[in-house]
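Here is the structure we will look at.
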2 protein chains.
Amino acid sequence: MRKTSSTNFLNQAYLEEKCALNELIYLLSKRWITEVLFSIEEGNNRFSSLKEDLRYISDNILADRLKLLEQHKLINRNGHTPEVPSRVEYTLTSTGHSLSELLDGMCQFAEKNIHFPDKSS
Amino acid sequence: MRKTSSTNFLNQAYLEEKCALNELIYLLSKRWITEVLFSIEEGNNRFSSLKEDLRYISDNILADRLKLLEQHKLINRNGHTPEVPSRVEYTLTSTGHSLSELLDGMCQFAEKNIHFPDKSS
DNA sequence: CAGAATCCAAAATGATACTG
DNA sequence: CAGTATCATTTTGGATTCTG
């Protein structure tokens with residue numbers, strides 16, 4: 001739960017309102033979220049399959065990221081079949097695919113242009 | 001100071017090593033950093049000028065972001081003139097300009113394609 | 001002016017145990 | 001299988017005070 005009165009919170013809100021870019025970056029900055037997106041794109045569309053692919057992710061984080069991606073309409077969640085117990089499938093939406101392409105571009109940019117210093121700061 | 005032994009840290013390192021994209025996103029996710037970049041591009045090339053433009057930023061954060069941008073060679077820091085006391089100027093490098101353009105593209109994408117849910121989670 | 005140092009508040013991550 | 005709940009750890013942001 002977030003405190004809606006802190007300067008910390010207010011600054012975040014101010015920046016997100018100022019430009020949608022900040023909200024997109026805020027989403028992407030959640031750890032593992034791009035990996036989850038890519039992994040689903042590669043065909044890992046089950047919770048367990050994703051967990052296996054992203055070895056070091058923990059349950060609650062994966063669940064949270066899936067929820068976030070779904071809320072932003074980047075993935076679809078198909079489940080709720082009453083017969084089979086808990087069989088859920090995730091797939092990318094068209095927006096999800098677009099984002100994935102955008103990220104590919106960013107990745108190329110990053111590899112070409114960004115010089116990464118040592119992290120001794 | 002970060003603990004280099006925590007799973008938290010190790011996962012971050014793992015992701016950054018896996019793809020430069022994650023390192024770029026990690027940089028961009030630092031609050032205010034894109035605003036600082038844009039503000040410098042718009043001609044605010046002094047510490048005080050930036051502080052004025054980005055009303056709610058605090059000194060230490062601004063200083064930290066400038067340092068980060070410099071380390072990544074996205075901005076130049078011209079100062080150290082012994083005559084004038086503490087007159088420092090910041091300008092974008094060519095990579096900084098490229099990044100700014102990339103971010104413009106991302107911003108358009110964000111405004112068009114991303115559906116932002118309410119934050120009641 | 002352009003920060004650096006210190007300290008506290010807040011948020012994100014992750015380990016573990018549990019559930020329908 | 002696909003999560004949820006709780007808790008502790010780690011990291012980040014920001015207010016304030018100080019300095020060459």
Without swapping roles, check the side chain of Arg65(A) against the backbone of Arg31(A) for a donor-acceptor pair under 3.5 Å. yes

Output for pair (Asn11(A) CG, Tyr56(B) OH), nearest 0.5 Å, gives 8.5 Å

NA contact type, [X], heavy-atom cut-off 4.0 Å: base, sugar-phosphate, or nothing?
{"X": "Lys51(A)", "answer": "nothing"}
{"X": "Tyr90(A)", "answer": "sugar-phosphate"}
{"X": "Asn11(B)", "answer": "sugar-phosphate"}

Between Phe9(A) and Asp59(A), the residue closer to the 5' end of DNA chain C by nearest nucleotide is Phe9(A)

Comparing nearest nucleotides in DNA chain C, the 5'-proximal residue of the pair Ile61(A), Asn60(B) is Asn60(B)

Closest to the side chain of Asn8(B), out of dT13(C), dA15(C), dA11(C), is dT13(C)

Testing dT4(D), dT13(C), dA2(D) for proximity to the side chain of Arg31(A), the answer is dT13(C)

Heavy-atom nearest nucleotide on DNA chain D taken for Thr7(B) and for Asp64(B); more 5' hit belongs to Thr7(B)

> Should Glu35(A) and Lys18(B) count as an ion pair when the cut-off is N to O under 4.0 Å?
Replying inline: yes

Atom CG of Asn44(A) and atom C1' of dC1(D) are separated, to the nearest Å, by 16 Å

In whole angstroms, the gap separating C1' of dT13(C) from CD of Glu35(A) amounts to 16 Å

Check: Does Leu92(A) reach the side chain of Glu41(A), with side-chain heavy atoms less than 4.5 Å apart?
Finding: yes

